Amino acid sequence: MATTKKTTSSKTTHKSSWGLNKVSMYVLVSVALLYVISMVLSLVGVNLKVVSALQGLATAIMIVIVSILAWRYVKPKQMVWKVLYIICLLLVIAGVIVPLVV
């Protein structure tokens with residue numbers, strides 16, 4: 001006696017939601033554009049402060065996105081993870097601000 005399997009095909013629907021992958025890609029593209037603009041301005045000889053400001057903006061955008069994603073990871077974990085998150089975030093911010101001031 002032969003048995004037959006019934007297969008059902010599942011339909012996938014494409015949502016126009018802003019998933020993590022899509023946000024990451026658009027942030028990467030926008031940051032890359034900011035870095036290219038600052039590189040071109042630097043090569044042309046535009047004021048160094050404008051170039052530094054564009055690079056700082058690109059870095060800030062990336063830090064904000066990464067810190068939000070890291071917080072989503074750390075939020076349900078133990079307190080030691082949250083302390084480590086805050087210490088690392090402060091070190092990253094200091095690493096960005098100190099070279100701009102000095």
Side-chain angles (χ1 to χ4, degrees):
M1 212 181 206
T3 59
T4 59
K5 277 189 175 178
K6 209 177 204 185
T7 59
T8 59
S9 62
S10 62
K11 294 182 181 179
T12 58
T13 58
H14 296 285
K15 298 179 185 177
S16 62
S17 66
W18 281 85
L20 179 62
N21 295 338
K22 188 183 286 188
V23 170
S24 298
M25 183 60 190
Y26 282 112
V27 167
L28 183 65
V29 168
S30 63
V31 167
L33 286 174
L34 283 173
Y35 276 122
V36 166
I37 291 169
S38 68
M39 182 178 60
V40 168
L41 290 175
S42 176
L43 291 174
V44 172
V46 175
N47 189 359
L48 185 62
K49 293 209 182 258
V50 174
V51 173
S52 296
L54 283 174
Q55 290 177 343
L57 178 65
T59 304
I61 290 170
M62 291 180 63
I63 290 171
V64 167
I65 298 296
V66 169
S67 63
I68 290 170
L69 297 175
W71 178 251
R72 286 183 182 175
Y73 175 75
V74 168
K75 188 176 179 180
K77 298 218 178 269
Q78 298 172 348
M79 182 59 76
V80 67
W81 284 94
K82 294 174 186 174
V83 170
L84 179 64
Y85 168 83
I86 291 171
I87 290 171
C88 289
L89 189 59
L90 290 174
L91 288 172
V92 167
I93 292 171
V96 170
I97 293 175
V98 169
L100 294 175
V101 175
V102 174

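Worth saying up front: this structure is predicted, and the values here are computed from it rather than measured. Atom set for the values below is all heavy atoms of this structure, side chains included, hydrogens, waters and symmetry mates excluded.
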Expected list for residues 54-67: side-chain donor-acceptor pairs under 3.5 angstrom, two or more places apart:
residue	atom	partner	partner atom	Å
Thr59	OG1	Tyr35	OH	2.9
Thr59	OG1	Gln55	O	2.9
Ser67	OG	Ile63	O	2.9
Ser67	OG	Val64	O	2.9

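Hydrophobic clustering places Ile86 together with Val74 (ILVMFWY residues linked when any side-chain heavy atoms are closer than 4.5 Å, directly or through intermediates). By the rule that hydrophobic residues join a cluster once side-chain heavy atoms approach within less than 4.5 Å of another member, Trp71 and Ile68 end up as members of separate clusters. Follow the hydrophobic side-chain contacts under 4.5 Å out from Val80 and you reach Tyr73 in the same cluster.
Grouped with Met79 in one hydrophobic cluster are Val83, Ile87, Leu91, the linkage being side-chain heavy-atom contacts under 4.5 Å among Ile, Leu, Val, Met, Phe, Trp and Tyr residues.
With Lys77 contributing its side chain and Lys82 its backbone, the two residues share no donor-acceptor pair below 3.5 Å.
The number of heavy atoms from other shown groups lying within 6.0 Å of CH2 (Trp81) does not exceed 12.
In this structure, Cys88 SG and Ile93 CD1 are separated by 11.5 Å, a value rounded to the nearest 0.5 Å.
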